[in-house]
Structures are given as structure tokens and as C-alpha cells.
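Beneath this line is the structure, given in C-alpha cells, with notes to follow.
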Amino acid sequence: MPHSAFAPKNVSFDQRALLIDGCRTLILSGAMHYPRSTPAMWPALMKQARRGGLNTIETYVFWNHHERRRGVLDFSDRLDLPRFCRLAQEHGLHVILRIGPYVCAETNYGGLPAWLRELPGVQMRTDNEPFKREMERWVRLVAEIIRPLCAPNGGPIILAQIENEYDNIAATYGDEGRAYLQWAVDLARSLNLGIPWVTCAAGRAAEAGPNDVASADGSLETINTFRAHEVLDAFSQKHPGLPALWTENWVGWYQTWGGLLPKRPAEELAYSTARFFAAGGAGVNYYLWHGGTNFGREGMYLNITSFEFGAPLDEYGLPTTKSAHLAKLNHALLACADRMLASERPSIASAGPAQVVCAYEGGVAFLCNDDEHAAATIRHDGRDHALAPRSVKIIAENGRVLFDSATLPRPVTRAFRTAARLAPFRVWREPLPEEWLAALQTPRVSAKPVEQLSLTRDETDYCWYETTLAVAKSEAGAPRRLQLDGTADIVHVFVDGKLAASTPGPLRERRGLLDGLAFKQSFELALPAGSHRLSLLCCALGLIKGDWMLGYANMAEERKGLWGAARWNGRPLRGAWRMQPGLAGERARVFDAPGCFAPWKPLKKTAARVAPLAWLETTFPRPSARGPFAFDLGAMGKGMVWLNGRCLGRHWLIPESDPMGPWMDWMKRSLVGAPSGVATQRYYHIPSEWLRDQNRLVLFEELGGEPAKIRLVRRV
Ligand code: GAL
């Protein structure tokens, strides 16, 4: 159906619910970030959403991807936001559009384009003119793109969001922050899109208790947390005129390189969701329904390439036990929606020390056992109902059990099967900067190292830093310390062209202030006396998503590469520094087509391991089996992967060894998991539409590995 065939709709709200054309509407929404899947996947994802009982899709808007270079816009392919919204509508789904433009979202720089850093005097997300000027320009542009897609114009968009969880940083900016947030809300309202705006300003604060720091007049406040029912009373007291909308119900969590995968069990998720509607909730957004993939260099600092997030649909868009369980819940909620929303509040009666019955007019009841450890029996309408610990049963007016949060459907299990082995490989060693063809070199020479992002503008992960390292006779042979005071993220240390040391992972997600310990690195090296060529390859792992990752310094302070002093055995290195941004292979774009700068050599079958700094390529025909597909990189080290010129993402075989950080303590009631010791990520998603009849795989390998073991696998 062409989108013009859809009737205009009026969206408003009352104290109980969102009103669409005057009707109270229960919102069951699932987040899917359009750049994290491909247009060919979208129809199936939307169908799965409908099957899962959703009536709405939510996505952030990704300024960082749409405007990678200032003034150059990209709304093509995975970034075709209007197409994504129209598809949702054609599948009978509303859209919640969270414009931000600061979105957090585990995306590079929290959704802000990296070039913002270059504006003189810029400070992100506060009352700062250069930032506000650019933000306003972008927000006004987005508004014009989406205006025809908003409900009053016959489109699917029913709600929009400006900014995101400002309370996370509000304390740093005080009155200036308050002024900025109010300015942002006023800007949003001035666009006259005809739909309500949310800010999720005090979302997280709901977890700690009611908090007034970060709300702004004129926006609809909402809740982001794991267990929204626990903060509902406080929320309603604070916002008596607002419906209880839960904009982020975290279905799991993201994973960082070397960190564990925190999991949210399906029963706990279903319990918390049902419990929220028992208590008077009006809408939920499962964050996320489909997580997908951080393609290319799009993930935030330290986020792995998979963005599966423990979501109901797995990275490949396939249903899971969780999606089947939530589908039952969502369908039950939809079946009761009219009766639930007709009541102003449920009547809540105690049924034991930690048990309640929440009843709506017309007979729908939620029997809730909030005891985390003990089962309970609740008598309702003359019948006894057995409830597992921490569970909810939804009972229809005729006594039928519509849903039991503790009873999981039949488990869905999936695995990877070999579809093809990939060989032979050809190899080309990435040269160290002074071996580069002179025509490719664009070095910057200075007495002190120059910070990486000011050289790369975040267009590559890589930057070389070279200088001379003089080892005295008295220092020869025994291990001495090379110390870098101010460096990020991963550094490979080459001495006279040979890899001598690398930053040991895992790195910390919250690293503290830039002058803190986390940005100092040191390496023990035993070197012969004399003058050595020291070449440091600094590898970025994405930009931070918020101030807290820099000890609450402004995001504008984000840095990569080397900016601090370098010392050998305590003495400052005296020579000049030569900085070379990027890799020669990137300059020659060897991942696009066999480049003339890449004299590929066949890799002998017997050569089990390739040395560090290897570019690898191979070709293979379209697999005859049906997808979804992935590459198994279980025998490789660290680097990046391209298929037919498209970057699938960063790869790194670092094992899961880091437990949940102390800042995650408050999440431990909902998330479970321990580091498994196995690779954080081994399989790398290949969108089926990126495959051709003949395919070319290119890898850049920083550490070395065994390419003969790379397999094309199928998710079954
Ligand atoms: C929220 C934030 C989201 C996302 C989420 C964690 O606080 O609003 O954008 O970062 O945390 O996945």
C-alpha cells in the first residue's frame, strides 16, 4: 500500500494513555536501529515484530552516520530512514522516532558526528553556541524529512524524542544544562510536527528514586529502567497528568571486547513487563527487539561488532525463546488492552506478604508474586492459582489463564554449521610508514606526539607514531619500561619493524579522566644497545558514547592515539615524532578491488600462521545453502573485515574475562552472567544481500592468525 493511502491521525495523551484519534492506545513497541540491519532484512524484521505482538517500532536517528562529513548527507541503503518508517507502516506498525540527536545507543560518539569536535570552543550537550547551532541545523533538517511521515500527515510516526537521558550528565552542567535542555525542548516544539515529544530526561534516575534535575517543560517524561513497576508510584506522583510510558525496557545488555555478556532471563523480563501493566503502565518499548550488528566502524568505544543485546530476535533477525515468550505476553496484553485502559487505575489488593492482585474493570486481573525466592498460591474469583517465585499470571474475566510469566515455551536453539572453507588466501604485509610509497605518505612531524583524532578526523581507526629510541649500554638486554602517559586505545609497539608488545586487553568501559591511570600504558622491552626505530600503531576502538566514559569530562575531550609524554626507563624520549594517519592498505583501498599498491602473494598452504600486519584476501562463490551466514574468525587475532568492499566490522578474538564493572551493581537484580573465558566474538554476520555470485573477502590482521581456518558458516 502506498503511504499516501494512510489517513491522517491525531496523537495526544491523557493521564492514562496515548490517544490516537482520541482512542486510548496501549503501546507495545520494539526498538530496531535501522543502520544495524539491512533493507532486505527489514520486511522480515517487521513481520517478526507483528508476530511478536508489537504494534509499534522504535528507532533512534543516527546523525553520526547520516552526516559523516559536515554538509554531506547520506540517506541511502541502511540509512534510508523514510523507507524504514514506511515499511513499518505498511506492516501495520506505528513508529516512535528518537531524534536525539544525542542518542547514546552504543553508537560511535553517542550519535554525534565526530567532526563536531573540530568546532572551536565546542562543548557537547550544554548551553554552548557552536554545539547548539549545529544541533539546530540538523534537527530542523530531520524535521523536514520526517514531516510527511508524522501521523497528522498520514504517516506512522506517533511520538518523537529530543535529547536522551539528560539526567546522566545534568549534575555536571547545572543551570547551563537546564537551559540547554529547555532550549532543546523548545526547539522540538517549534517544529510543529503535531506529535508529542519525549526526552527520557530523568529515565535512569527513576532507578535511584524520583529526581528533578533534568526535566524540561513541555515534554512528556517517560521511564527507562529494568523494573518500571517499582518506580511507577513515584513517577505518577511527580507527573500526575502523564501516562506511564516505559521507553527503555532493557531486554539484555551490550557486550564490550573482553567483557562478559550480561543476560536478562526471559522469565524475569516477562515478569517485569507484565508487572508494569498490572500496576497501570500504558506502554512499553522493548529495548531492543532486534539489536543487529555494528557494521564498519559504527559501534561505540569498546562495543563488540555484534549488537545482539540478548534481544528477542537474534543478531540475524531470527526468533528466539525470548521472542516466543514475549509474543504470548504481548498478545495477551493486546487482548485486554481496551479493558485495561478504560480503568483509570487498577484496583490493587494484597494477597500475601509479597503478593498482590491487580484488577481492571471488566474482569482482567494480574496475579503477582513479587517474592524472589518462594512460590505462592493466590486465590482469585473462587480459584487457587499457583505462582512461581517472582511471576505474574494474567487472568481473563472467564478465569482463563492468558499468560504465565514463569512458563517458557519450547526452547529454540541455534548453532553455526560450516557452509564452506575459504582458501586459498593471498597476503600482503602492511608496510611500516617509512616503507610506504612516498606518494602515499602524508606524515606530520612535530616535537611532541599529536593526538590521533585531530589527524584522522575519525575516518580510520589507525594512526602510526614513529620516533627514535636510544638504548644505553647499561640498559641493554634486561627488560626496561617504555611508558606512554596519555594514549588510547590499543597500541602495538614495533621496534625496528618487529612487533615487540601490545596493550593487553580487556580495556575498561569507564576509564576515568584523561589524566588518569587508564590512559597511561607501559610495556616491558628488552632491547640491545643503540638507536632503534620505534613505531607505535595506535588502534581506536570507537568513540565514547557519553561524558561518564571520560570521568565526566565533556565528550569533546575524547582522544585517541598518543598525546602524552613517552619515556624509556624513566627518561623522556627526545627525538621528533612522525605521525602517519591510516594504513597504506586503507589509502590504496585494497578492500574495494585488488589495488595496484598491494602486491598480493599466494599464501602457502603450509604457512599455518600469518605474521602481524597482514592484509589477506580470498574469493568464493555464492553459497548454495540458504543463510543467514557468518564468517568464523575463531583462528584470527584482531583487525577489520570487508566483504565485497563493505566493512563488516572490527574483529578481535579477546576472551571474556572482565566481570560486570562496579557501576553495573544496580543492574545485577535483572542481569546475570559470569565471564566464560571463551572469545567475546567469533562469528561475524554477513548480510545475505551483500553476497554476490563471486565474492571477495578481505581482512586486515594486526596480530596474526591462521587464515586457513576461516570458514563461512550458516546459522541453523
Ligand atoms: C540507555 C540509553 C540507550 C542505551 C542503553 C543501554 O541509558 O538511553 O541509548 O545506551 O542505555 O543499552
Side-chain angles (χ1 to χ4, degrees), residues 29-36 58-65 96-112 124-125 159-170 181 184 198-208 211 213-214 219 221-228 231 245-256 259-264 269 284-294 298-304 306-312 315 509-510 542-549 552 555 660-661 663-664 666-668 670-671 673:
S29 168
M32 296 183 184
H33 298 156
Y34 52 97
R36 287 176 158 142
E58 179 271 318
T59 182
Y60 281 125
V61 177
F62 292 81
W63 185 14
N64 52 345
H65 308 336
I96 298 175
L97 199 67
R98 304 210 285 164
I99 294 171
Y102 170 78
V103 296
C104 200
E106 291 72 70
T107 187
N108 200 46
Y109 223 23
L112 301 178
M124 314 300 173
R125 305 180 67 203
L159 267 186
Q161 182 180 312
I162 192 87
E163 249 292 334
N164 190 75
E165 288 193 341
Y166 198 72
D167 62 299
N168 283 339
I169 59 162
L181 193 65
V198 303
T199 51
C200 294
R204 280 281 179 99
E207 193 72 20
N211 176 327
V213 191
S219 71
E221 195 47 85
T222 57
I223 303 167
N224 291 357
T225 190
F226 284 104
R227 293 195 189 168
V231 296
L245 295 174
W246 188 1
T247 29
E248 288 186 33
N249 177 6
W250 300 308
V251 300
W253 206 247
Y254 55 89
Q255 194 171 12
T256 55
L260 83 174
L261 177 64
K263 297 196 179 87
R264 188 164 188 201
L269 175 58
V284 66
N285 176 46
Y286 295 100
Y287 188 93
L288 297 119
W289 193 259
H290 176 246
T293 309
N294 289 312
E298 293 173 8
M300 72 158 182
Y301 164 64
L302 215 55
N303 200 175
I304 64 169
S306 168
F307 196 60
E308 188 157 82
F309 210 92
E315 181 177 1
E509 182 178 339
R510 299 198 170 193
L543 303 187
I544 52 161
K545 65 171 173 178
D547 291 2
W548 55 92
M549 289 168 108
Y552 290 92
M555 286 174 78
M660 287 191 231
W663 62 274
M664 297 175 87
W666 65 279
M667 306 180 180
K668 287 183 186 155
S670 303
L671 297 177

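Numbering of ligands and ligand atoms starts at 1, following listing order.
- For the residue pair Glu315 / Ser306, a side-chain donor-acceptor distance below 3.5 Å is found, with atom types taken as modelled.
- For ligand 1, the atoms closer than 4.0 angstrom to any heavy atom of Lys545 are 10 (O).
- The option from Tyr60, Tyr254, Phe307 that lies nearest to atom 9 (O) of ligand 1, judged by heavy atoms, is Tyr60.
- At a 3.5 angstrom cut-off on N or O pairs, Cys104 does not count as close to ligand 1.
- Between the side chains of Asn64 and Thr107, at least one donor N or O sits under 3.5 Å from an acceptor N or O.
- The ring-ring contact (aromatic ring centres under 6.0 Å, His included) test with His33 is passed by exactly one of Phe309, Tyr287, Tyr254: Tyr287.
- Residue Phe309 has at least one heavy-atom neighbour below 4.0 Å for each of these atoms of ligand 1: 12 (O).
- Side-chain atoms of Trp253 and Gln255 include no donor-acceptor pair closer than 3.5 Å.
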**Request:** Carefully, step by step, assess Arg125 and Glu163 under the rule salt bridge (charged side-chain N to carboxylate O under 4.0 Å, His left out).
**Result:** CA-CA 9 Å; Arg125 305 180 67 203; Glu163 249 292 334; 2.8 Å; yes
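- Against a heavy-atom cut-off of under 4.0 Å, Trp253 is close to the following atoms of ligand 1: 6 (C).
- Between the side chains of Glu58 and Asn285, a donor-acceptor pair is found at a separation under 3.5 Å.
- Listed by number with element, the atoms of ligand 1 under 4.0 angstrom from any heavy atom of Val103 are 9 (O).
- For ligand 1, the polar-atom distance check against Glu248 finds a nitrogen or oxygen pair separated by under 3.5 Å.
- Only the side chain of Asn164 comes within 4.0 Å of ligand 1, judged by heavy-atom distances.
- At least one N or O atom of Glu106 sits closer than 3.5 Å to an N or O atom of ligand 1.
- Asn224 and Thr247 are linked by a side-chain donor-acceptor pair at a separation below 3.5 angstrom, with hydrogens and angles left out of the test.
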